[in-house]
> 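The following block contains the structure, expressed as structure tokens.
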Amino acid sequence: MNFSVYNTLTGEKAPFTPLQPGKIAMYVCGITVYDYCHIGHGRVMVCFDVISRYLRARGWDLTYVRNITDIDDKILKRAAENNESIEQLTERFISAMIEDETQLGVLRPDLEPRATHHIGDIIALIETLIASDYAYAASNGDVYYRVAKFANYGKLTNKNPEDLLAGARIAVDEAKEDPRDFVLWKAAKTGETCWPSPWGDGRPGWHIECSAMSKACLGTTLDIHGGGPDLPFPHHENEIAQSEAANQCTYANFWMHAGAVRIDGEKMSKSLGNFFTIREVIKSYHPEIVRFLLISSHYRSPINYAEDSLKEARAGLERFYKTLRDFTHVPAQTWEDAITTPAGERFIEAMDDDFNTRVALAALYDLAREINTVPVKIKATAEPMVATLKALASVLGLLGEDPDRFLQSGAQHLDTALIEQLISERQQARLDKNYARCDAIRDELLAMGVILEDSKQGTSWRIHTEG
RNA sequence: GGCGCGAUAGCAAAGCGGUUAUGCUCCGGAUUGCAAAUCCGUUCAGCCCGGUUCGACUCCGGGUCGCGCCUCCA
């Protein structure tokens, strides 16, 4: 086994070895729940979903933790705007998030800790940092992290602490010793949601909750810490500063970051306002198409999100489902058997190389072509290959849908009984060699957006997808 | 300005120092009552300038362009 993973910390791929043989502790930064998830969130969820599925398939005992940040300035602001409590707001968007990820075929992580359920851990961690002089309570009631005290500050993102000093902003009302210091505990203003603490009522700062929750769920050293493309700085840099100062050991051995989703060459983001929500997109495209699109590129490369990308993803997926149409009766092979096949070996080789899903998919496309090459009358000889295809695809969370259901999705507005009736009428006309009638029916259905496909087994139909 | 990533055929997207990526599209053929699907085949690459090498898309140096982070954002 030659399994390697790219590490943001070192900027290169390296053979992956966990701290404890056979066991992997993986922590991924989840989302702040004050709005619906967009495709960028979807990418991180799908990316680490594939990673977790693959690690498990490879035989590791994985514990996958993905947090939910449910207390934060934006949440307070949004709740106030909506005139609802932060609990109402966060519960609403947590439910929405779960719906969205489920649609995308994302399996739930083992643990989904929430910041508000770990206030005690957060306070304890801050106390440790204060005790060792890495943090201080300021005159305004806030508690800050003393960046100058942490020698390795900037190691994840290659920042020179001096440069940060030059570029940092100093807000007038802040009581920081140093402009680079960041807040661990934020004193509450009157009426704000808050928790009691040794430094007065307040709430956690942005970065401390991840240090506290990862420690509570997985311990002081993580095998893998992951997240989105905009998290290395400052979020993960600050997590390292907090956790390594408090625990006196390496915080995470491997740092993994998903690539950005772009719109017209620009990053999709809340602040730019150029985002598409998952629920919006899956109204027009089968959710598996969205998943397929996200898996079609390497997880670290930027993806351009556009109507054309979705159409292309759909075309690719349709190819697989067309192949599987005649084999709904074939169950997936076991993983152990699948990886001994030539396609399986290629698949493993690709995925072992930093989760190269694009190359893994190429192996599956070749397998599909091989299946299609088998002559109709000896279809049964293709069944083992189909079983392999299904087994390998399932590790990517793909091809689990019934082929007809997939190929006919979007047909809700159509009268399927009428379609079936026209097909059988045409069948009779074909037997009668009344080809004029046959073509008339074909045209009629095509006008409805239905494409007919005659084969030795009979006639099937699918939705006509343009583009 | 600092740090980092990228530049591949019509489009998308990978690996690789010499041998087909792959998907979609185009074209030709097989197949089909006609189609569709499928299969076969063909065409179309590696930003620019140097260097290393018997040989570079692949390694090294320089440049150009694009993008990300440096401030809340996955």
Side-chain angles (χ1 to χ4, degrees), chain A residues 8 11 28-32 34-35 37-45 47-48 72-74 77 154 156-160 162-164 166-169 171 206 226-235 237 257-262 265-273 275 292-293 296-298 300-304 306 308-309 311-320 322-323 325 346 349-350 353 356-366 368-376 407 429-430 433-436 438-439 442-443 446 451-456 459-462 464 467:
Chain A
T8 308
V28 173
C29 287
I31 64 168
T32 304
Y34 69 102
D35 205 345
C37 292
H38 63 226
I39 301 297
H41 297 114
R43 183 171 195 191
V44 174
M45 297 192 288
C47 163
F48 288 100
D72 156 88
D73 288 359
K74 292 183 293 298
K77 182 161 174 276
L156 179 65
T157 51
N158 292 312
K159 303 279 188 227
N160 180 347
E162 301 299 316
D163 296 343
L164 291 168
R169 296 183 191 169
W206 174 29
D230 34 22
L231 294 184
F233 193 92
H235 185 52
E237 203 69 74
H257 294 95
V261 176
R262 294 180 185 170
E266 272 190 318
K267 191 180 74 159
M268 180 184 290
S269 77
K270 290 279 177 68
S271 43
L272 290 171
F275 59 91
F292 190 84
L293 170 63
S296 298
S297 297
H298 184 82
R300 283 188 281 113
S301 310
I303 287 183
N304 200 51
D308 284 349
S309 326
K311 286 178 177 166
E312 200 176 301
R314 180 172 60 196
L317 245 196
E318 279 180 354
R319 179 173 175 77
F320 285 119
K322 282 168 188 165
T323 296
R325 253 190 160 168
R346 280 179 66 193
E349 195 185 338
D353 182 14
N356 196 330
T357 50
R358 180 69 185 202
V359 173
L361 280 177
L364 299 190
Y365 276 121
D366 285 339
R369 188 187 321 105
E370 225 181 310
I371 292 166
N372 291 336
T373 311
V374 174
V376 177
L407 293 166
R430 287 183 77 197
K433 299 221 192 303
N434 182 356
Y435 294 125
C438 284
D439 293 345
R442 181 192 289 288
D443 290 345
L446 188 58
I451 292 180
L452 295 184
E453 294 177 0
D454 296 330
S455 73
K456 299 276 187 273
T459 300
S460 57
W461 65 276
R462 65 186 164 87
H464 173 59

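In the text below, chain A, chain B and the rest are named by the order of the sequence lines, each starting its count at 1.
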> With nearest nucleotides of RNA chain B determined for N372(A) and D230(A) from heavy-atom distances, which residue corresponds to the more 5′ nucleotide?
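Residue closer to the 5' terminus by nearest nucleotide: N372(A).
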> Under a 3.5 Å cut-off for both distances, is C16(B) Watson-Crick or wobble paired, and to whom?
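The base-pairing partner of C16(B), which may sit in any strand shown, does not exist here.
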> Please state whether the rings of Y365(A) and F320(A) are parallel, tilted or perpendicular, taking 30° and 60° as the class boundaries.
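Parallel, since the angle between the ring planes stays under 30°.
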> Can you tell me the Watson-Crick or wobble partner of C69(B), both distances under 3.5 angstrom?
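With both distances under 3.5 Å, C69(B) matches G2(B).
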> Look at the side-chain N and O atoms of K267(A) and state whether any lies under 4.0 Å from the OP1 or OP2 oxygen of C73(B).
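Negative; the distance criterion is not met.
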> At under 4.0 Å between heavy atoms, which parts of nucleotides 6-18 of chain B does protein reach? Answer with one letter per nucleotide, 5' to 3': B base, S sugar-phosphate only, - none.
-----BBSSS---
> What nucleic acid atoms does G259(A) come within less than 4.0 Å of, heavy atoms only: base, sugar-phosphate, or nothing?
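Base, at least one base heavy atom under 4.0 Å.
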> My understanding is that a pair needs two contacts under 3.5 Å, Watson-Crick or G-U wobble. By that rule, which nucleotide pairs with G28(B)?
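Per the H-bond distance test, C40(B).
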> With nearest nucleotides of RNA chain B determined for E318(A) and A258(A) from heavy-atom distances, which residue corresponds to the more 5′ nucleotide?
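First, find each residue's nearest nucleotide; the 5'-ward one identifies E318(A).
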> Encode nucleotides 30-37 of chain B as B, S and - characters from 5' to 3', where the letter depends on protein heavy atoms closer than 4.0 Å: B to the base, S only to sugar-phosphate, - to neither.
---BBBBS
> Taking the P atom in each of G55(B) and U38(B), what is the distance between them to the nearest angstrom?
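Comparing P positions in G55(B) and U38(B) gives a spacing of 45 Å.
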> So if I apply the side chain to side chain contact (heavy atoms under 4.5 Å, CB included) rule between I303(A) and each of R43(A), H298(A), M268(A), R262(A), which one comes out positive?
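With I303(A) as partner, R43(A), H298(A), M268(A), R262(A) yield a single side chain to side chain contact (heavy atoms under 4.5 Å, CB included), made by R43(A).
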> Do the charged groups of R442(A) and D454(A) touch, with an N to O distance under 4.0 Å?
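Looking at D454(A) together with R442(A), the answer is yes, because their closest N to O distance falls below 4.0 Å.
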